[in-house]
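Please read the structure below before turning to the comments.
Nothing here was measured: the structure is a model prediction, and the numbers come from that model.
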Amino acid sequence: MGRERGTPAPSGQQARAQASAITPGKPGGPGKRPPGPEPLPADRVRTLLGGHRLSPGQRRIAQYITDHLTEAAFLSITDLADRVGVSQPSVTRFAVSVGFSGYPALREALQPIALSAVAASPGAREEDRRNELQAAVDAEIENLESLRRAFTDTDRVVEIGRELARSVPLTILGLRISVSLAEYFAYAAKRIHPDVRLVSRGGSVAYDALLQSREAGGTWVLAFAMPRHSNEMLAAMRAARSTGLRVALITEASLGPLAEEADVAFTAGTGSRLVFDSYAAPGVLSAAILQAMADADPERTQTRLEKYEQAAEQHDFFLDD
């Protein structure tokens with residue numbers, strides 16, 4: 001049994017944002033072969049497994065299959081699990097996640113590709129693997145190009161920058177892996193905004209912080225939600241709105257429960273060809289919103305930046321360049 005039929009094809013940006021670590025960087029998407037020479041076996045495997053959001057553990061399985069195709073395609077589920085260092089149920093869940101009824105169906109689809117790889121050039125797989133990091137960079141360039149097109153109209157960024165600048169205090173929300181982006185934004189925003197509060201823990205701790213922010217006069221929360229999306233992030237966004245705060249969201253997908261919960265949502269694709277995602281486009285989007293905040297109140301921005309530089313010089317914060 002092969003892939004499930006009838007699933008709507010994602011948009012270009014969604015496809016990039018939701019691609020797995022081994023999605024081929026080629027036009028057309030799964031099942032569509034671009035014109036040209038026969039693709040390498042590794043590319044065929046990527047096409048077979050690509051287009052799905054995989055966990056880091058599932059990406060390890062996918063990468064092992066790609067790197068050891070001629071062996072992996074004939075392994076039992078027990079042997080494959082042992083080689084990768086995961087459980088047998090994890091292998092089964094992986095097979096289902098990439099569109100098959102189970103591991104036997106996936107193995108059946110892999111075996112013809114593995115047999116064709118036997119006759120391939122000995123250097124083909126080495127060349128393919130050598131360029132995997134380049135492919136990851138290419139995917140990030142596509143994300144940045146998509147963001148550049150979105151910036152053709154700057155009105156939404158300018159408007160949210162103005163709203164966030166006016167919110168005193170301003171709350172920045174980021175949980176789990178999204179904490180790094182939230183910390184970056186909060187650190188920079190403190191240079192130009194008088195009261196920035198970072199919330200990086202969920203549950204009742206997040207609710208208390210959000211409630212205090214609202215009671216102190218805050219009107220907005222800026223939330224960062226990178227995959228994998230968590231239940232506690234959805235709960236925190238709902239808690240923010242229940243207190244009367246409005247929510248601006250930076251995420252990688254324009255659809256889904258998180259985007260639906262936000263008052264304003266900005267999308268920026270994540271790089272997902274490697275085991276862990278990379279965030280070039282979300283980082284640039286964050287810097288653009290910071291710029292809009294700075295521009296919204298230029299006098300306050302200038303005053304605060306000058307005071308910070310004075311403090312930095314007085315306390316010798318930085319090395320001399």
Side-chain angles (χ1 to χ4, degrees), residues 17 56 140 143-144 147 156-157 160-214 216 218-243 245-254 256-272 276-294 296 301 304 308:
E140 282 287 39
N143 288 333
L144 289 169
L147 182 63
R156 292 182 72 238
V157 173
I160 197 61
R162 186 182 302 116
E163 293 293 333
L164 297 181
R166 290 173 178 169
S167 178
V168 182
L170 170 63
T171 303
I172 311 301
L173 173 65
L175 307 178
R176 295 182 178 269
I177 204 165
S178 301
V179 169
S180 60
L181 287 167
E183 287 180 336
Y184 158 75
F185 194 99
Y187 177 89
K190 287 177 181 179
R191 307 282 79 81
I192 60 174
H193 190 285
D195 190 352
V196 177
R197 305 184 183 187
L198 175 66
V199 178
S200 57
R201 295 175 61 188
S204 61
V205 173
Y207 182 81
D208 287 346
L210 293 165
L211 182 59
Q212 290 173 5
S213 179
R214 180 64 183 123
T219 54
W220 280 89
V221 174
L222 177 63
F224 290 85
M226 300 294 110
R228 300 164 69 188
H229 300 144
S230 65
N231 290 321
E232 59 186 341
M233 172 55 79
L234 181 60
M237 291 175 61
R238 288 173 174 168
R241 298 193 67 182
S242 73
T243 67
L245 291 164
R246 302 185 70 186
V247 178
L249 174 68
I250 293 180
T251 186
E252 95 299 345
S254 59
L258 294 179
E260 293 172 1
E261 200 65 38
D263 293 280
V264 179
F266 295 88
T267 58
T270 58
S272 52
F276 295 99
D277 290 349
S278 53
Y279 305 118
V284 173
L285 176 57
S286 298
I289 293 177
L290 285 164
Q291 180 68 48
M293 286 179 59
T301 295
R304 292 188 62 81
Y308 179 77

Of all heavy-atom pairs linking L290 and A188, the shortest is CD1-CB, 3.6 Å
Sort and list the pairs that fulfil side chain to side chain donor-acceptor pair (under 3.5 Å) and have at least one residue in residues 175-188, not counting sequence neighbours. R176-E232
Kindly give the heavy-atom pair with the smallest separation between A281 and L144, and that separation in Å. CA-CD2, 3.8 Å
Any chance you could measure L173, atom CG, to I250, atom CD1, to the nearest 0.5 Å? 11.5 Å
Which atom names give the shortest non-hydrogen contact between R191 and R304, and what distance separates them? O-CB, 3.2 Å
Can you tell me how far CE of M237 sits from CG of D263, rounded to the nearest 0.5 angstrom? 8.5 Å
When rounded to the nearest 0.5 angstrom, what distance separates CG in L181 from OG1 in T251? 10.5 Å
Working note: F185 + L198, criterion side chain to side chain contact (heavy atoms under 4.5 Å, CB included); need CA distance, chi angles, decisive distance, verdict. CA-CA 9 Å; F185 194 99; L198 175 66; over 6 Å; no
Does S286 reach the side chain of Y279, with side-chain heavy atoms less than 4.5 Å apart? no
Show, in sequence, the C-alpha distance, side-chain angles and deciding distance for T219 and E163, and conclude whether the side chain to side chain contact (heavy atoms under 4.5 Å, CB included) test is met. CA-CA 8 Å; T219 54; E163 293 293 333; 5.6 Å; no
Compare all side-chain heavy atoms of R228 with those of M233 and state whether any distance is below 4.5 angstrom. no
Separation between CZ of F224 and CD1 of I172, rounded to the nearest 0.5 Å: 6.5 Å
Please test R241 against V247 for side chain to side chain contact (heavy atoms under 4.5 Å, CB included), starting from the C-alpha separation and ending with a verdict. CA-CA 7 Å; R241 298 193 67 182; V247 178; 3.7 Å; yes
Can you tell if the side chain of V264 reaches within under 4.5 Å of the side chain of R156, non-hydrogen atoms only? yes
In short, A294 meets I192 closest at the heavy-atom pair N-CD1, 3.8 Å
Of T301, V157, L170, which is the lone residue that meets side-chain contact (heavy atoms from CB on, under 4.5 Å) with M293? L170
If you compare all heavy atoms of P227 against all heavy atoms of D277, which two are closest, and at what distance to 0.1 Å? CG-OD2, 3.6 Å
Distance-minimising heavy-atom pair for V221 and A240: CG2-CB, 4.2 Å
Is there a side-chain contact between P169 and H193, using heavy atoms and a 4.5 Å cut-off? no
Sequence neighbours excluded, the answer for side-chain hydrogen bond (donor to acceptor under 3.5 Å, both in side chains) partners of S278 is E140
Donor-acceptor pair, side chain of S167 and main chain of L164, under 3.5 angstrom: no
Determine whether L258 and L249 make a side-chain contact, defined as any pair of heavy atoms from C-beta on separated by less than 4.5 Å. yes
Only distances under 3.5 Å count here; give the side-chain donor-acceptor pairs of residues 204-214 to other protein atoms, sequence neighbours excluded, each with its distance to 0.1 Å.
{"residue": "S213", "atom": "OG", "partner": "T171", "partner atom": "OG1", "Å": "2.7"}
{"residue": "R214", "atom": "NH1", "partner": "G218", "partner atom": "O", "Å": "2.9"}

So, taking the atom named CZ in R197 and the one named NZ in K190, what distance separates them when rounded to the nearest 0.5 Å? 11.0 Å
